[in-house]
Every structure is written in C-alpha cells, then in structure tokens.
Colleague: 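Okay, here's the structure, questions in a sec.
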Amino acid sequence: MVLFESLPGFHVSANIYLPQSDVAGGSNKYPGVLFFCGHSDLGKGSHLYQQVCIDLVRNGFVVLAIDPLGQGERHQFYDPKTGEIPRRNTTEHTYFNQQCAFAGGNVARYMIWDGIRALDYLTNRPEVDSERVGVTGNSGGGLQTAYLMLVDDRIDAAVPCCFITSKEEYMKTGQGQDGEQILYRAIDRGPRYDDFLSAFAPKPVLVGAAQSDFLCVEGAHRSYERARSVYGHYGRQEAIDITIADDTHGFSPHLREGAVNWFREHLQDRAPDFQTGSPRTQDPEDLWCTAAGEVRAEFHDETTATDLIRSYISTRTPDTGSTSEITDIDRYTDEMRKTVVKQFDLNRHRPTLYPRHYDKETVDGVTWEKVFFRSECDPTVIVTGIEARVEDEDVDTPLVLLYEHGTDEVEARESEIKDLVTEHGFVLAFDPRGVGAVRARDVNTPLMNGGNYDDYHGTKDKLTSDAIMLGTSLVALQVFDLTRACDYLRDRFGTDANLAIEGHGSMAAHTLLTAVTTPSLRTVSLVNPLPSFRELAITREMDIDHGLTIHGIIGRFDIPQLLPALHDREIRCTGAGSSN
C-alpha cells in the first residue's frame, strides 16, 4: 500500500506489486509497469484491474497501480463528516474539466501529472530497472497511457487498451466523452488518436481493442494503420501491433494476455507465450491505503482538485478586481466587442434569412405567431421563435426573449410574456440552436448517466464537447444565432430600431455576450444571472450546465469584463445573482 503526494498535500493512493525473488531468474532488478485504471469507481481495487497487475507481477514485473482523480480512494467530493459522495468517478472529471476550461485548461493536466510523479516513484524503487519501463491501462486508463506516451520519455513500451479509435469514426456514433478527453481544438490541431501512437515511434506499442466496443473498432484499425506508416519510416513496423478481443469494452483476458506478452517480449526479451487464467483477487477494501478508504478522511487538510483549480486560475488569470479604473471607456468598449467577435467568429457570412411564419392566432387581444429562419450558410441550421404582439399598436423596443428551455416555456409563461408585450410592443421568444423547437436529436446517452438531453453524456454535453474540439463553443454558436434574431428584428422594424433583449438563468450570459457585440440592443435585462464564470470555476457547489463551457473566458470576457462595455445601455438585473 503506497501513498504519495503528486503535489503538496494532494495524495495519490496506489498499490505496488512486487515479484517473488525467484521469478524471471531471480534478477535483482525487474522491469517496471505503471498501470492506469479505467473509469471504475473502485479504481485500483477493480477485480479486472487487479487481475492484470497479478498476471504482470507473476511474470516478473514490478507493477504500480494508482487511483485516478475521483476514483478509488480519491473522491474529491467525499464529505468526511457524513461519508457521502454526491459526485464521483467520471462525473467529477467532467465537473472539474469545465472549471479548468473556463481558465483555458483541462483537468487532464492533473491526471497527467499524477502519472509523471507515479513514474518517478516507480523508477526510483530499488527493485526496478529504470531502463525497462512500460505503461498500460484500459479505457480512461488507456487515455492516461496515451498521454504519458506523449510527455514522458522514460517509457520504453506501451499498451493502451480500449481507448484508441478515431475521431472521424467515434463522432459518427453520437456518443459523449469525459472531460479529460475534450481538448480545445483537438479536431484541427490534435492530438488525434493516431497522434498518440505516431509520437511514440519507434518505441514498441501494442493497441488493445475490443470488437464490440463503443469506442468503435474500425477507428482503432484506422489509427493503427496511420501510425504504422510512421513506424515504417523508421524501419520499425514490427514495433507496432494491434490485438482485437472478441468482446465488449474492458480489459478482457485476451487483452490482459496480450499486454503481458508484449511486455515480456519488449522489456524482458522473453518469448510471448504466456497464457492467462483467472487470477484470484482481493476484496477492494483489502487494498485500501487509508483506514476509511478515502484520502480526504485520512488527511483532514487534504488539498483537493478544487484547491488546485483555484490556484491555477489565480496564477493564470489573476482577478484584477474592479474595472472602475478604466480610463477610456469608449476604447474599452470597442476592444471588448472585438474580443468577443473574434473569439466567437461573429463576422462570418450571414445568408439571407428567408423567414417563414405560420400558426397565427389572436387570443385576448394578443396575436401569437410562429416563425423560423436560416442562421448559417448551411441551410440545415434553422432557428425558431414565437412572436407575440398587439395588432395595430406601436412597437417601442422589440424584445428578444431567452428562456433556458426556449419556446418550450412559452405556454407556462404566457402571462409574463403578455406583460412584456405591453411594455415593448413586440416579443420574440427565441430558440437558438440546440434549444426548444430546434433541440438536436437525442444522442446515445447511457441510462446510468441520466439518459436525458441535459444530462452528463447527454445531447447538450455532446454538442458542447464537439464544439470545444472544433475551437468554438455551443455558447458561441448560440450567440451567433442571437445576432441573427437581431438581424430579423431590424429587417422587420427598420435598421434604426432600438432593440431589447432579456435572458433568464444561464441564458443571461448569452444575453450579455450578444449585447456587447450588438449596439442596437439598447435595453438588456438579466433574470437570475450567473455571478461570473470565475465564481463557477472556484466553487464546489455549482450544478454543472454542460452547455456553458467556454474555453478561456475567465479574465478576458467574463461577466465583470462585459458589463462596463455596456455603460451606455439600460441594464436591468433581477433575481438571484443580480447583486454583482
């Protein structure tokens, strides 16, 4: 049982497996293998993962298996007073990743560092030959293996299992991914799956895959072939191979046997003729390094991931405090507008709207009508709204109205909308893409993750993740749609019309971002707004909204930076969060 600090006060729980002295010829030094656990809540205690470590140690390897962040004995939301864990496992990963993303980072930075420090410990063990070191893991552990293949030259051989596929193939499946897999601009900049392999050349790597994995096997073949061509330039095509288990996702006996034999061949110069059985494992509790099975129970002053993120944010994006010291407000406003326009690519081409109206009806003097129009040049990107107005009445300041669930909320808020019609003369309850009537189709969300549109691994999470990997955000795409709604109102009421916008809850952020870039929005109303993205990034209490992830917003165009750029507008704030 091993505990070490990868950062001050940030404990990593681990098990080290040591061979008996007569294994592999009684050598004083053994090859070392670092083992990364996949997304099992038990971490290193998982019976499947124990079996891999047992097979390796019986073949003469020193094996170090560590608990990843949020798993095993490292649940960051463990409450020492109650013993409850409100968030755990990969939900922690995605929660922390959103906070890191706000500051322009990724939670993988802590997981990779844990791996580097684990390798420091392993290679300094007196039993380990530091010139013969391997790394393996499954699923999320396969990802950690791949990351370490990129960043640590001490690794001599690797076996990433049930992770390598291709982005092209995986995106076709319509499935979500966990936070540590969502790297900003990964689709155009990489690393892609084959990059992990190619960057390791010419060192030996075995790709472990499963025929019926949700990480689709055809993608594994594609990335393997791409990387193999790179190995060919080194004259080392024999140093890369792929083995496919006729199984589903998991470190199956076939992959376990393949990993052991790969390390036998490349770290021991032994024949790859090992055949696995069914090694007997321990109860997970028997492998605990702490009395209660939680480092936060063992160390009452334990550094948490929240603490690390707070420190990261304060170092990377210092809180500059009040913006009252702005000396040239007009210049500041122009620069803020340019920042948001560039970050969100809002100057791209705007096609003709071609609005369509239908289902018109008048009830109690208010006329309701549905509308939809094009937003992007891609004709499949359609946005919708429900208009409300009083016929033959003057329109003062036509209003774009944003609810978190879009027009799905209109029926329940009819009385509220009628009051807004009285004030503004015209209200457009609007659905940017992914909301209300233009919600995307449901993706393949596991029931254990909620199974719903807004849930972890749900449709909103998937849309956001793909946008981040494309170098944008779902918020940015929706803000573009909002500027198109303003285009529609100007077409209807004149280019000189003074417009208004009102956003509720998370949509208040969209409202501010749109207003900064659209001078014709003269009245800006925020109902139950977020305090700031910085506040979301340093708290342990927020309920994650998967649609709000914006890479690098803190310190650049966060809510406190946006507000001074609206100095010449009428701003109304009501409800929770409005005090700031």
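We count residues from 1, following the sequence as given. Treat the numbers as computed from the prediction; the structure is a model and nothing was measured.
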Colleague: Would you check if Arg256 and Pro253 make a side-chain contact, meaning some heavy-atom pair closer than 4.5 Å?
Modeller: yes
Colleague: I'd like to know if the side chain of Asn444 reaches the main chain of Gly174, judged simply by a donor and an acceptor atom lying under 3.5 Å from each other, with no hydrogens or angles considered.
Modeller: no
Colleague: Would you find a donor on one side and an acceptor on the other, under 3.5 Å apart, between the side chain of His546 and the backbone of Ser465?
Modeller: no
Colleague: Quick one: ring-ring contact (aromatic ring centres under 6.0 Å, His included) partners of Tyr456, sequence neighbours excluded?
Modeller: none
Colleague: Within the side chain of Gln71, is there an N or O that forms a donor-acceptor pair under 3.5 Å with the backbone of Gly38?
Modeller: yes
Colleague: Decide yes or no on side-chain hydrogen bond (donor to acceptor under 3.5 Å, both in side chains) for Arg228 and Tyr224, but give the supporting numbers first.
Modeller: CA-CA 6 Å; Arg228 192 169 183 269; Tyr224 162 70; 3.3 Å; yes
Colleague: Think Arg74 forms a cation-pi with Phe10, using NZ or CZ under 6.0 Å from the six-ring centre and within 45 degrees of its axis?
Modeller: yes
Colleague: Could you measure the distance from the CG atom of Asn261 to the CG atom of Leu206? Nearest 0.5 Å is fine.
Modeller: 9.5 Å
Colleague: Would you call the rings of Phe557 and Phe344 parallel, tilted or perpendicular if under 30° counts as parallel and over 60° as perpendicular?
Modeller: perpendicular
Colleague: For the backbone of Leu148 and the side chain of Asp152, can you confirm whether one donor and one acceptor N or O come within less than 3.5 Å of each other?
Modeller: no
Colleague: Mind running salt bridge (Lys or Arg N to Asp or Glu O under 4.0 Å) on Glu294 and Arg296 for me, showing each step along the way?
Modeller: CA-CA 5 Å; Glu294 293 289 347; Arg296 293 203 66 215; over 6 Å; no
Colleague: Listed by chain and number, what are the ring-ring contact (aromatic ring centres under 6.0 Å, His included) partners of His551, not counting sequence neighbours?
Modeller: Tyr184
Colleague: Run the salt bridge (Lys or Arg N to Asp or Glu O under 4.0 Å) test against Asp273 and tell me which residues pass, sequence neighbours left out.
Modeller: Arg264
Colleague: State which residues pass ring-ring contact (aromatic ring centres under 6.0 Å, His included) with Phe214; sequence neighbours excluded, sorted by chain then number.
Modeller: His249
Colleague: Quick check on the 6.0 Å ring-centre criterion: do Phe61 and Tyr17 meet it?
Modeller: no
Colleague: Trp288: what forms a ring-ring contact (aromatic ring centres under 6.0 Å, His included) with it, not counting sequence neighbours?
Modeller: none
Colleague: Would you call the rings of Phe77 and Phe96 parallel, tilted or perpendicular, taking 30° and 60° as the class edges?
Modeller: parallel
Colleague: Please tabulate, one pair per line, all N/O donor-acceptor pairs under 3.5 Å involving side-chain atoms of residues 97-108, not counting sequence neighbours.
Modeller:
unit_1: Asn97; atom_1: OD1; unit_2: Asn106; atom_2: ND2; d: 2.9
unit_1: Asn97; atom_1: OD1; unit_2: Val107; atom_2: N; d: 3.1
unit_1: Asn97; atom_1: ND2; unit_2: Gly179; atom_2: O; d: 3.2
unit_1: Gln98; atom_1: NE2; unit_2: Asp545; atom_2: O; d: 2.8
unit_1: Gln98; atom_1: NE2; unit_2: Thr549; atom_2: OG1; d: 2.9
unit_1: Gln99; atom_1: NE2; unit_2: Leu536; atom_2: O; d: 2.9
unit_1: Gln99; atom_1: NE2; unit_2: Ala537; atom_2: O; d: 3.3
unit_1: Gln99; atom_1: NE2; unit_2: Thr539; atom_2: O; d: 2.7
unit_1: Asn106; atom_1: OD1; unit_2: Ala108; atom_2: N; d: 2.7
unit_1: Asn106; atom_1: ND2; unit_2: Gly179; atom_2: O; d: 3.3
unit_1: Asn106; atom_1: ND2; unit_2: Ile182; atom_2: O; d: 2.8

Colleague: Got a sec: does the CG of Asp246 have more than 12 other heavy atoms crowding it under 6.0 Å?
Modeller: no
Colleague: Looking at every heavy atom in both Leu56 and Val63, which two are closest together, and how far apart are they?
Modeller: CB-CG2, 3.5 Å
Colleague: Taking all non-hydrogen atoms of both residues into account, name the closest pair between Leu119 and Val133 and its distance.
Modeller: CD1-CG1, 3.6 Å
Colleague: Has the side chain of Gln268 got a donor or acceptor atom that lies under 3.5 Å from a matching backbone atom of Asn59?
Modeller: yes
Colleague: Measuring from atom CG of Leu482 to atom NE2 of His510, what distance do you get when rounded to the nearest 0.5 angstrom?
Modeller: 7.5 Å
Colleague: Between atom SG of Cys216 and atom CZ of Arg222, what is the distance when rounded to the nearest 0.5 Å?
Modeller: 9.5 Å
Colleague: Run the salt bridge (Lys or Arg N to Asp or Glu O under 4.0 Å) check on Asp188 and Lys167 step by step: do they pass?
Modeller: CA-CA 11 Å; Asp188 66 330; Lys167 290 201 184 301; over 6 Å; no
Colleague: Ignoring hydrogens and angles, tell me if any N or O in the side chain of Glu302 forms a donor-acceptor pair with the backbone of Val295 under 3.5 Å.
Modeller: no
Colleague: Between Arg374 and Glu376, is there a salt bridge with N-O shorter than 4.0 Å?
Modeller: no
Colleague: Could you tell me whether Asp195 and Arg189 make a salt bridge, using a distance below 4.0 angstrom between a side-chain N and a carboxylate O?
Modeller: no
